[in-house]
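Here's the structure we're looking at; comments come further down.
Scope of the values below: all heavy atoms of this structure, side chains included, with no hydrogens, waters or symmetry mates.
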Amino acid sequence: MEQIQEAYDALASEFAAGNPKSKAAYDVATKSLPGGNTRTVLFYEPFPLYTDRAEGCHLWDVDGHKYVDLLGEYTAGLYGHSNPVILEAIQAALKRGLSFGSHHADEARLAQLIRDRFSGIELVRFTNSGTEATLMALAAAKIFTDRSKIMVFEGGYHGGGFLFKSGPHPVNVPHQYLMAQYNDTASVDELIAANGKGIAAIIVEPMIGSGGCIPGAPEFLAHLREKATEIGAVLIFDEVMTSRLYSGGGVQSELGITPDITTLGKYIGGGMSFGAFGGKADIMSTYDPRAASTARKGASVPHAGTFNNNVLTMAAGSAGLEKVFSP
Ligand SMILES: Cc1ncc(COP(=O)(O)O)c(C=O)c1O
């Protein structure tokens, strides 16, 4: 044990000696940010490297080292750091002005591109992150079904307030969760038998992502579809990570399994802050502000968000799906 500690200390000293500017930047950050950090996953010991600039698939740290970027910002960086089409779209949008505080045409443009690509999405709404997309998708499911229980899977991750890597986490949004086992239809059936019609939603990653990149068996995902329909629950595919896997239309298009709601994020915003949730028109109409003129009785549910339709994301995302990662 002592030898391991000594070896670690020697390597940590070498790392610090080789990265003095990152160390200095980190020391400054610790004065204002807890642990010098504002996004947990980016931290590592003895201190994280600080990026100075990025181009294409390369990163340069503040000490001048050049790295090949194999992380791709956890799939949000699919287009690379300086794709000319994306940069041009952002620059053109910048010239037209920021933060309109009003509708603008690029939001419908991106929505149409998403609708064309994901078979389960008839109507879509935008958020600022995948986490928010989960938040609003679950709210829609609960309101639509007038039920409260949410089936999740051990090992799953649906954003900062939805961690199920080893049971529910105290940071989670306090829904009434039922924890099933991934790729295990018997565990799903057991919970359904016990909770029957109390289940508002079944939310699943078609491939468990940060929990270990475990693909969902097609029969398992099809079983979830069948059971959700049977009990009248909303099936939510969290395709924040899988949306570009297998096919440009996510796992749903590849397998021909249509969820009721899909959540999206990452690269679809062209590398800018982004999230979206979309699905069947009757469920999504929960958020239709024209309450009085829709078939739904009663008021529509509000969905706020200053930056839901922010001009840079809408422009970068549209350019990405239209011209870079085209069908
Ligand atoms: C499957 C899945 N869902 C949701 C999220 C949350 O997205 P965001 O980080 O944009 O909040 C992530 C992020 O990694 C994810 O992998």
Does the pair Y26 and T30 meet the rule for a side chain to side chain contact (heavy atoms under 4.5 Å, CB included), with working shown?
CA-CA 6 Å; Y26 180 67; T30 55; 3.6 Å; yes
A222 and I257 have their tightest heavy-atom pair at N-CD1, 3.6 Å
Is a donor on one side and an acceptor on the other found under 3.5 Å between the side chain of D63 and the backbone of H65?
no
What pairs of donor and acceptor atoms, side-chain ones from residues 41-60 against any protein atom, are under 3.5 angstrom apart with sequence neighbours left out?
residue : atom : partner : partner atom : Å
Y44     : OH   : L49     : N            : 3.0

Would you call H104 and M314 a side-chain contact if the rule is heavy atoms closer than 4.5 Å?
yes
Do L87 and V311 belong together in a cluster built from hydrophobic side chains that touch within less than 4.5 Å?
no
Could you tell me whether the side chain of F153 reaches within less than 4.5 Å of the side chain of D184, counting heavy atoms only?
no
Please report the closest heavy-atom contact between A133 and T127, naming both atoms and the distance.
N-OG1, 3.6 Å
Is there a donor-acceptor contact under 3.5 Å from the side chain of D69 to the main chain of G80?
no
Trace of the side chain to side chain contact (heavy atoms under 4.5 Å, CB included) decision for T185 with E219:
CA-CA 9 Å; T185 52; E219 318 79 71; over 6 Å; no
Give a yes or no on whether I283 and L135 share a hydrophobic cluster (residues Ile, Leu, Val, Met, Phe, Trp, Tyr; joining criterion: side-chain heavy atoms under 4.5 Å apart).
yes
Quick one: are Y267 and S243 in side-chain contact, heavy atoms under 4.5 Å?
yes
Looking at every non-hydrogen atom in both residues, tell me the closest pair between T263 and A137 and how far apart they are.
CG2-CB, 3.8 Å
Evaluate H303 against N308 for side chain to side chain contact (heavy atoms under 4.5 Å, CB included), listing each step before the verdict.
CA-CA 9 Å; H303 166 217; N308 284 355; 3.4 Å; yes
What's the spacing between L221 CG and M207 CE if we round to 0.5 Å?
12.0 Å
Y79 side chain to V85 main-chain N or O, any donor-acceptor pair under 3.5 Å?
no
Answer yes or no: is there a side-chain heavy-atom contact under 4.5 Å between M272 and F307?
no
Taking L33's backbone N and O only, do any of them form a donor-acceptor pair with N37's side chain (distance below 3.5 Å, no angle check)?
no
Side chains of R115 and Q112, heavy atoms from C-beta outward: is any pair under 4.5 Å?
yes
At what distance, to the nearest 0.5 angstrom, does CD of E230 lie from NE2 of H223?
8.0 Å
Could you tell me whether the side chains of T262 and E239 share a donor-acceptor contact shorter than 3.5 Å?
no
Please answer: with hydrophobic residues joined when any side-chain heavy atoms are less than 4.5 Å apart, are L224 and I199 in the same cluster?
yes
For L321, does its backbone N or O pair with a side-chain atom of R117 as donor and acceptor, under 3.5 Å?
yes
Heavy-atom side-chain proximity of M151 to V188 below 4.5 angstrom
yes
Mind listing the closest non-hydrogen atom pair of S273 and N310 along with its distance?
O-ND2, 4.2 Å
Could you check whether any side-chain heavy atom of E132 comes within less than 4.5 Å of a side-chain heavy atom of F277, counting everything from C-beta outward?
no
Distance check, rounded to the nearest 0.5 Å: E154 atom CD versus I208 atom CD1?
9.0 Å
Which atom of L78 lies closest to which atom of F325, heavy atoms considered:
CD2-CD2, 4.2 Å
Check whether any side-chain heavy atom of N309 lies under 4.5 Å from a side-chain heavy atom of D106, and answer yes or no.
no
When you measure from the side chain of Y287 to the backbone N and O of V124, does any donor-acceptor pair fall under 3.5 Å?
no
I need the I86 CD1 to S318 OG distance, nearest 0.5 Å.
9.5 Å
Check whether I202 and I214 end up in the same hydrophobic cluster, where Ile, Leu, Val, Met, Phe, Trp and Tyr are linked by side-chain heavy atoms less than 4.5 Å apart.
yes
Any donor-acceptor pair under 3.5 Å from T313 side chain to G269 backbone
no
Any ion pair linking K280 and D260 (charged N to carboxylate O, less than 4.0 Å)?
yes
After noting the C-alpha distance and the side-chain angles of D189 and K227, does the key distance pass the side chain to side chain contact (heavy atoms under 4.5 Å, CB included) rule?
CA-CA 8 Å; D189 293 350; K227 286 291 164 186; 3.6 Å; yes
Here the gap from Q91 atom CD to L312 atom CG, rounded to the nearest 0.5 Å, amounts to 10.5 Å
Solution key, residues 155-175 side-chain donor-acceptor pairs under 3.5 Å, sequence neighbours excluded:
residue : atom : partner : partner atom : Å
H158    : ND1  : D238    : OD2          : 2.7
H169    : ND1  : V171    : N            : 3.1
N172    : OD1  : F162    : N            : 3.4
N172    : OD1  : L163    : N            : 2.8
N172    : ND2  : L163    : O            : 2.9
H175    : ND1  : K142    : NZ           : 3.0

Where do A201 and L138 come nearest, in terms of heavy atoms and distance?
CB-CD2, 4.3 Å
Between F237 and F118, does the ring centroid distance fall short of 6.0 Å?
no
Backbone N or O of G130 within a donor-acceptor pair of the T134 side chain at under 3.5 Å?
yes
Decide whether L98 and F126 are clustered together by the hydrophobic rule: side chain heavy atoms of Ile, Leu, Val, Met, Phe, Trp, Tyr closer than 4.5 Å, transitively.
yes
Euclidean distance, K197 NZ relative to N195 CG, rounded to 0.5 Å:
13.5 Å
